[in-house]
Amino acid sequence: MKILFASSEIHPLIKTGGLADVAGALPVALRSKEIDVKLIMPAYQGILEKLPPVKNSTNLGNPFGCGDLILLETQLADSNTPIYLVQCQNLFERDAGPYLDIYGQDFGDNDIRFAAFSWVCALITQHGTLIGWQPDLLHLNDWQTGYAAAYLAAWRLNHPPIVTTVHNLRYNGSFPIERFDEVRLPHDLLSIHGMEFYGRYSSLKAGLVFADAITTVSPTYAHEILTPTYGDGLDGTLRAQSNKLSGILNGVDYNEWSPSIDPFIHTHYDLHSLDNKQQNKLALQRENGLPESPNIPVFGVVSRLTEQKGLDLIPAAIEPALKQGAMFILLGSGDKGLEQQYLDLQARYPDQVSIRIGYDEAYSHRLQAGIDMLLIPSRFEPCGLTQLYALKYGTLPIVRRTGGLADTVFEEGHHANGFVFNHATAEDLRSAIDRSLVAFSDLSTWRTLQIQAMTQDHSWERVTEQWINLYESLIN
Ligand code: ADP
């Protein structure tokens, strides 16, 4: 079975969020089951230096008038997973991130950039003989690849089946209709049953309506997005397509996220040496200039700072705990107003609060290992990976009951592994924080919860079977 897996970010090459983690791990897990998966991603600036030398290079012409699109082939160094890179200097070789310029604004031509990338994905899917490898199925991820489904629809030829995975419906790739001609698609795709989206057009919608199957990254999110509250304007489209929608929970790459082997953390530990976790807490406090206090509860956050994540609720909700002496350590970046709120909190509690604004992969591991509770008060959460990492590190998540958080964190029963609240309010969050403090004050209760958290298996191997079944059902 040959699968072309298209993603705009892949860890460890480039990452802004969970999509990169998934694209870096699921294909590798599938290849271990003898599935011939190849990745495809844009050749952003600096990417080629992170990869072994290119083996093949094919010029695919200049269909968008932005310069030649060149398809390069190499493989990921660690896993030998084959990867195609779409090279085009004008479109992809830029300073700053994959989507935003150095001022944090969307690049003005993101429609053309990802249309061009998607066009190559569609071309390989339709005419794989060009490069000697034709996939049996095209797996698209999020709006950046949705255009590929539109090109395949526009070409009106029989083509291999398409799966579109929605990692976050909020980012719907919507652009002004006036720019539609730039992406070289026929206007008949602009109907309400096609890409039209409230007077604009949406590339994600193309990925939904022209796919043979739609998946989301957790079962609960797959239900939630059929409602106006979580559907972000696409719930009607999704309800019409609900017979092809399913939720498959994301997994964790335990080669990257295991406290027994994590190269980034101070002291290794596992289920049988949980006392060693404390060394990581002391090291984290030291690193942040906080008093080394092994018995004080330490709360933490690793997150993009956006409205989605509900992080505006934390300052008010955590303050009573801070007044009782707890600590709070945050790593994140994004919304400037939120950044400032947290810096203000740090200024008021300099010996208890440490805020690091930025993106730091190694520190995110040290933080997960060093804190006691991870706060994730998301308003919506398609899957969420940080709670899964926390569980493995014996760090108990405090989450809002939504999306993948609802599917993986439980406060009741013999699977209890964290704390769960219902409403996106500071009061509800505060009461979950209070419950966590009560549990933390009793070592044997806490240890039981930690052990239940650490023994939960969220490896990718657990879900590869579901993916293979889905692929097979579409290909046959
Ligand atoms: P989302 O994809 O919505 O951002 P996820 O929980 O699915 O949320 O995935 C977030 C990923 O990004 C995790 O791997 C997390 O550790 C990482 N991450 C988020 N913010 C930062 C940061 N500031 N520094 C380092 N890693 C971060």
Side-chain angles (χ1 to χ4, degrees), residues 7-26 97-100 104 141-144 165-171 216-218 220-221 224-225 230 232 247-259 262 264-265 284 300-311 329-336 338-339 342-343 354-371 374-393 395 397-400 402-409 418 458 460:
S7 178
S8 57
E9 46 185 280
I10 299 171
H11 178 74
L13 302 175
I14 186 154
K15 167 169 165 180
T16 72
L19 168 61
D21 288 347
V22 174
L26 172 59
Y99 320 123
L100 307 180
N141 292 279
D142 279 353
W143 74 266
Q144 296 90 339
T165 298
V166 179
H167 298 259
N168 193 331
L169 201 65
R170 176 66 55 91
Y171 302 98
T216 65
V217 285
S218 70
T220 294
Y221 191 60
E224 286 175 338
I225 57 178
Y230 291 93
D232 274 303
I248 304 180
L249 202 60
N250 278 339
V252 175
D253 184 350
Y254 287 130
N255 293 318
E256 300 257 340
W257 291 98
S258 286
D262 189 330
F264 297 118
I265 69 175
L284 184 68
V301 165
V302 181
S303 186
R304 294 183 294 118
L305 304 185
T306 64
E307 194 256 355
Q308 169 195 341
K309 301 286 181 181
L311 298 174
I329 301 181
L330 174 141
L331 167 65
S333 66
D335 183 277
K336 297 292 166 218
L338 272 176
E339 291 181 4
Y342 281 108
L343 292 171
S354 173
I355 304 300
R356 193 175 298 192
I357 302 298
Y359 185 90
D360 187 336
E361 187 76 24
Y363 182 58
S364 73
H365 287 243
R366 296 201 294 280
L367 203 152
Q368 288 272 18
I371 61 174
L374 184 76
L375 296 168
I376 317 179
S378 302
R379 293 199 162 79
F380 70 95
E381 193 59 75
C383 177
L385 291 171
T386 55
Q387 85 279 14
L388 302 181
Y389 304 153
L391 292 172
K392 185 68 177 176
Y393 284 66
T395 295
I398 300 178
V399 307
R400 179 158 172 263
T402 184
L405 300 172
D407 291 335
T408 55
V409 182
H458 285 289
W460 276 109

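Since we're looking at a predicted model, the values are computed, not measured. Just follow the structure's listing: the first ligand is 1, and inside any ligand the first atom is 1. Note that the numbering runs from 1 along the sequence shown for the chain.
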Q: Using modelled atom types only, decide if a donor and an acceptor are shared between the side chain of E256 and the backbone of V252 within a distance under 3.5 Å.
A: no
Q.
I'd like to know whether the aromatic ring centres of Y389 and W257 sit less than 6.0 Å apart in this structure.
A. yes
(Q) Measuring only between side-chain heavy atoms, which start at C-beta, is L249 closer than 4.5 Å to D407? (A) yes
(Q) Is any side-chain heavy atom of Y254 closer than 4.5 Å to one of K392? (A) yes
Q) Tell me, do L169 and Y230 make a side-chain contact under 4.5 Å, heavy atoms counted? A) no
Q.
Heavy atoms only, cut-off 4.0 Å: how does S303 contact ligand 1, side chain, backbone, both, or neither?
A. backbone
Q. For atom 26 (N) of ligand 1, which candidate among Y359, Y171, Y363 provides the closest heavy atom?
A. Y359
Q. Would you call V399 and P377 a side-chain contact if the rule is heavy atoms closer than 4.5 Å?
A. no
Q: Consider every N or O of T16 and every N or O of ligand 1, then say whether any pair is closer than 3.5 Å.
A: no
Q.
Using a plain distance cutoff, I'd like to know if G18 has any nitrogen or oxygen under 3.5 Å from a nitrogen or oxygen of ligand 1.
A. yes
Q | Heavy-atom proximity to atom 17 (C) of ligand 1, best of K15, R356, E256, K309 | A | K15
(Q) Would D360 count as being in polar contact with ligand 1, using the rule that some N or O on each side must be under 3.5 angstrom apart? (A) yes
Q) With a cut-off of 4.0 Å, which atoms of ligand 1 are near a heavy atom of Y389? A) 13 (C), 14 (O)
Q. What do we get for D21 next to ligand 1 when only non-hydrogen atoms under 4.0 Å count, side chain, backbone, both or neither?
A. side chain
Q) Among side-chain atoms of Y363 and Q368, is any donor-acceptor pair under 3.5 angstrom? A) no
Q. What atoms of ligand 1 come within less than 4.0 Å of a heavy atom belonging to G332?
A. 23 (N)
Q. Counting heavy atoms only, which of A362, S333, S378, G358 is nearest atom 23 (N) of ligand 1?
A. G358
**Q.** Which residue and heavy atom of the protein sit nearest atom 5 (P) of ligand 1, plus the separation
**A.** L385 N, 3.6 Å
**Q.** Salt bridge present between E307 and R170 (N-O < 4.0 angstrom)
**A.** yes
Q: Kindly determine whether S8 and Y99 satisfy side chain to side chain donor-acceptor pair (under 3.5 Å), including the steps that lead there.
A: CA-CA 9 Å; S8 57; Y99 320 123; 2.7 Å; yes
Q: Do me a favour and list the nearest non-hydrogen protein atom to atom 4 (O) of ligand 1 with residue, atom name and distance?
A: R304 NE, 2.7 Å
Q. When you measure from atom 15 (C) of ligand 1 to every protein heavy atom, which one gives the shortest distance, and what is it?
A. T386 CG2, 3.6 Å
